[in-house]
S.K.: 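Mind looking over this structure? Questions follow.
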Amino acid sequence: MDTLTLIQPDDWHLHVRNGALLKLVVPFTARQFARAIIMPNLQPPVTTVAMALDYRREILDALPAGSSFTPLMTLYLTDNTSPAEIKKVAECEHVYALKLYPAGATTNSDAGVSEVARVYPVLAAMEKFNVPLLIHGEVTASEYDIFDREKLFLEQQLSDIVKNFPNLRIVLEHLTTKEAVDFVQEASDKVGATITPQHLLYNRNTLLAGGIKPHYYCLPILKREEHRQALLKAATSGNPKFFLGTDSAPHQTHAKESACGCAGCFSAHAAIELYVEAFEKENALDKLEGFASFHGADFYGLPRNTRKVTLHKQDWQVPKTYNQASLELTPLRAEETLSWQLAPASLD
């Protein structure tokens, strides 16, 4: 197969930051995806509908001329979020969900939820108004091994959330473990999950073997090969509970390569090409359109896209960096060759 045509996909988990960095990265997503769920972990975090609408305007202003890309906004759930704000979300056509970050779990998560039980009144309001909860599913206490944090979150917190709020729509973001795959498969149809390209393509050897490679460092961290295989099986199964979410998370090169070790892989430059690579290796290209273009829209109750994108089997080299003024981003797979390429202006 030399050509692949798909209904235009959506990205159900995306970071675009703000300011000059936003202006650099938004066009990468807009050329591939029709819509994207925008993460709210800015500084300060996006905690109200009013803030989300301001952020949406900043994204729209950064789009290339003629772009039809639609940002789908979210709020950052904190210990102080009120049930009244959930009613505002339900009444706003541009805000689609709330994101639960356990405090300290990842980039800009210090204002996250300190204890899930504290936000149960808000979860009850979300269940009542049919507002989805998006979860970064990791425990954060220092005594827990970083490779076990997702598994322990399922056992200690998510199982209780699902039990106490059976009608709450939940997306477990960026799955990384077999246990998470099993949890989603066994849960009701109110529970779905996103899977990133890096977790489909790489295991922890990619990050650690032969020296630490900071541009493969993300949270949740890459896991063992057995977990990658479980994710591949889930993504290519045709099960509508699993859908595309890149978790593309840009950090400037100097920040990624510093002692801070910023978590996040910048994949927006070649997101759909990376997913095609993963599915092709599994001889499952026939399952990609459902995963990339249908399952997420169906879960969120949104219409499926109708326009199409085309990719060609054509080698191209990922640039070493993407630059704009003083900004420099190192993309995932920098200076490596990818074998599929989205056709320029391929939308019809």
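Positions are given from 1 along the sequence. Note that these values count all heavy atoms, side chains included, but never hydrogens, waters or copies made by symmetry.
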S.K.: Could you go through the side chain to side chain contact (heavy atoms under 4.5 Å, CB included) check for Phe183 and Ser159 one step at a time?
M.R.: CA-CA 9 Å; Phe183 186 99; Ser159 57; 4.2 Å; yes
S.K.: What distance separates Thr81 OG1 from Met126 CE, expressed to the nearest 0.5 Å?
M.R.: 9.5 Å
S.K.: Check the side chains of Glu273 and Trp316 for a donor-acceptor pair under 3.5 angstrom, ignoring hydrogens and angles.
M.R.: no
S.K.: Please check if any side-chain donor atom of Gln252 sits under 3.5 Å from a side-chain acceptor atom of Glu328, or the reverse.
M.R.: no
S.K.: Does the pair Tyr216 and Tyr202 meet the rule for a ring pair (Phe, Tyr, Trp, His ring centres under 6.0 Å), with working shown?
M.R.: CA-CA 9 Å; Tyr216 289 90; Tyr202 314 118; 5.1 Å; yes
S.K.: Got more than 12 heavy atoms from elsewhere within 6.0 Å of NZ, Lys256?
M.R.: yes
S.K.: Counting N and O atoms only, with roles assigned by atom type, does the side chain of Lys151 sit under 3.5 Å from a partner on the main chain of Phe147, one being a donor and the other an acceptor?
M.R.: no
S.K.: Test your reading of the model: is there a side-chain donor-acceptor pair from Lys223 to the backbone of Thr176, 3.5 Å cut-off?
M.R.: no
S.K.: Taking atom NZ of Lys241 as the centre, does the number of heavy atoms from other residues, nucleotides or ligands within less than 6.0 Å exceed 12?
M.R.: yes
S.K.: State whether the side chain of Gln8 and the backbone N or O of Thr306 hold a donor-acceptor pair below 3.5 Å, judged by distance alone.
M.R.: no
S.K.: Compare every heavy atom of Thr78 with every heavy atom of Val119, then report the nearest pair and how far apart it is.
M.R.: CG1-O, 3.5 Å
S.K.: Output the distance between atom CG (Leu172) and atom OG1 (Thr194), rounded to the nearest 0.5 Å.
M.R.: 7.5 Å
S.K.: Within a radius of less than 6.0 Å around NZ of Lys320, do more than 12 heavy atoms belonging to other residues, nucleotides or ligands occur?
M.R.: no
S.K.: Flag the pair Phe266 / His269 as yes when their ring centroid distance falls below 6.0 Å, and as no otherwise.
M.R.: yes
S.K.: Kindly indicate, with the supporting measurements, whether the criterion side chain to side chain donor-acceptor pair (under 3.5 Å) is fulfilled by Ser267 and Arg333.
M.R.: CA-CA 9 Å; Ser267 60; Arg333 298 281 287 274; over 6 Å; no
S.K.: Between His13 and His174, does the ring centroid distance fall short of 6.0 Å?
M.R.: yes
S.K.: If you count heavy atoms of other groups shown closer than 6.0 angstrom to CZ of Arg204, is the number above 12?
M.R.: yes
S.K.: Under 3.5 Å, is there a donor-acceptor pair linking the side chains of Thr177 and Glu150?
M.R.: yes
S.K.: Evaluate the criterion salt bridge (Lys or Arg N to Asp or Glu O under 4.0 Å) for residue pair Lys308 and Glu289; output intermediate values, then yes/no.
M.R.: CA-CA 10 Å; Lys308 296 179 180 180; Glu289 189 172 56; over 6 Å; no
S.K.: Establish, from distance only, whether the side-chain atoms of Asn130 and Arg169 form a donor-acceptor pair under 3.5 Å.
M.R.: yes
S.K.: Taking the six-membered ring of Tyr144 as reference, does the NZ or CZ atom of Arg149 fall below 6.0 Å from its centre and within a 45° cone about the axis?
M.R.: no
S.K.: Mind checking whether Phe69 and Phe33 have ring centres under 6.0 Å apart?
M.R.: no
S.K.: Do Arg224 and Gln229 make a side-chain contact, defined as non-hydrogen atoms from C-beta onward lying under 4.5 Å apart?
M.R.: no
S.K.: Measuring from His136:NE2 to Leu77:CG, what's the distance to the nearest 0.5 Å?
M.R.: 14.0 Å
S.K.: Does the side chain of His227 pick up a donor-acceptor pair with the side chain of Asn203 at under 3.5 Å?
M.R.: no
S.K.: Nearest 0.5 Å, please: how far is CG in Leu98 from OG1 in Thr47?
M.R.: 10.0 Å
S.K.: Using only atom types and a distance under 3.5 Å, with no angle test, would you say the side chain of Asn323 pairs donor to acceptor with the backbone of Leu329?
M.R.: no
S.K.: With a 3.5 Å distance limit and no angle check, can you tell me whether Ser248 reaches the backbone of Ala268 through a side-chain donor-acceptor pair?
M.R.: yes
S.K.: Side chain to side chain donor-acceptor pair (under 3.5 Å) for Ser114 and Asp79? Distances and angles first, verdict last.
M.R.: CA-CA 7 Å; Ser114 63; Asp79 289 351; 2.6 Å; yes
S.K.: For Ser339 and Glu280, work out which heavy atoms get closest and say how close.
M.R.: OG-OE1, 4.4 Å
S.K.: Take Arg35 and Asn305, measure what side chain to side chain contact (heavy atoms under 4.5 Å, CB included) needs, and give me the verdict at the end.
M.R.: CA-CA 9 Å; Arg35 300 169 290 205; Asn305 300 318; 3.4 Å; yes
S.K.: Spell out, as yes or no, whether a donor-acceptor pair under 3.5 Å connects the side chain of Ser293 to the backbone of Ile7.
M.R.: yes
S.K.: Drop me the distance from Leu60's CG to Arg56's CZ, to the nearest 0.5 angstrom.
M.R.: 4.5 Å
S.K.: For Leu168 and Val131, work out which heavy atoms get closest and say how close.
M.R.: CD1-O, 3.6 Å
S.K.: Among Tyr275, Phe243, Phe242, find the residue that satisfies the ring pair (Phe, Tyr, Trp, His ring centres under 6.0 Å) test when tested with Phe291.
M.R.: Tyr275
S.K.: Verify the distance criterion only: is there a donor paired with an acceptor across the side chains of Asp11 and Thr246 at less than 3.5 Å?
M.R.: yes
S.K.: Lys190 side chain to Val162 main-chain N or O, any donor-acceptor pair under 3.5 Å?
M.R.: no
S.K.: Does one side chain, of Thr74 or Lys99, offer a donor that lies under 3.5 Å from an acceptor on the other?
M.R.: no
S.K.: Is any side-chain N of the basic residue among Asp298 and Arg304 closer than 4.0 Å to the acidic one's carboxylate O?
M.R.: yes
S.K.: Which pair of non-hydrogen atoms, one from Pro319 and one from Pro331, has the smallest distance, and what is that distance?
M.R.: O-CG, 3.4 Å
S.K.: Does a side chain donor of either Thr321 or Thr330 reach within less than 3.5 Å of an acceptor in the other side chain?
M.R.: no
S.K.: Could you tell me whether Phe299 and Trp12 have their ring centroids closer than 6.0 angstrom?
M.R.: no
S.K.: Taking atom types as modelled, is there a side-chain donor on Tyr120 or Asn164 under 3.5 Å from an acceptor on the other?
M.R.: yes
S.K.: For Ala62 and Pro27, work out which heavy atoms get closest and say how close.
M.R.: O-CG, 4.3 Å
S.K.: What are the two closest non-hydrogen atoms of Pro102 and Thr140, and how far apart are they?
M.R.: CB-CG2, 3.8 Å
S.K.: Determine, step by step, whether Lys88 and Glu85 satisfy the salt bridge (Lys or Arg N to Asp or Glu O under 4.0 Å) criterion, reporting the C-alpha distance in whole Å, the side-chain angles of both residues, the deciding distance to 0.1 Å, and the verdict.
M.R.: CA-CA 5 Å; Lys88 293 180 183 178; Glu85 196 67 34; 3.8 Å; yes
S.K.: Has Lys87 got a side-chain atom pairing as donor or acceptor with Ala125's backbone, closer than 3.5 angstrom?
M.R.: no
S.K.: Consider side-chain contact (heavy atoms from CB on, under 4.5 Å). Of Thr196, Leu219, Ile195, which one does Asp247 pass it with?
M.R.: Thr196
S.K.: Is the backbone N or O of Phe28 less than 3.5 Å from a side-chain atom of Gln32, with the two atoms forming a donor-acceptor pair by type?
M.R.: yes
S.K.: Please determine if Arg228 and Glu225 form a salt bridge, counting it only when a charged side-chain N lies under 4.0 Å from a carboxylate O.
M.R.: yes
S.K.: Salt bridge between Glu58 and Arg17, side-chain N to carboxylate O under 4.0 Å?
M.R.: no
S.K.: Do Lys313 and Asp2 meet the salt-bridge criterion of a basic N to acidic O distance under 4.0 Å?
M.R.: no
S.K.: Report whether Phe294 and Leu311 are members of the same hydrophobic cluster (ILVMFWY, side-chain heavy atoms less than 4.5 Å apart, transitive linking).
M.R.: no
S.K.: Would a 4.5 Å heavy-atom cut-off, applied to side chains only, mark Ile212 and Tyr217 as touching?
M.R.: no
S.K.: What's the spacing between Leu231 CG and Leu201 CG if we round to 0.5 Å?
M.R.: 11.0 Å
S.K.: Within the distance-only criterion (no hydrogens, no angle test), does the side chain of Glu127 pair as donor or acceptor with the backbone N or O of Asn167 below 3.5 angstrom?
M.R.: yes
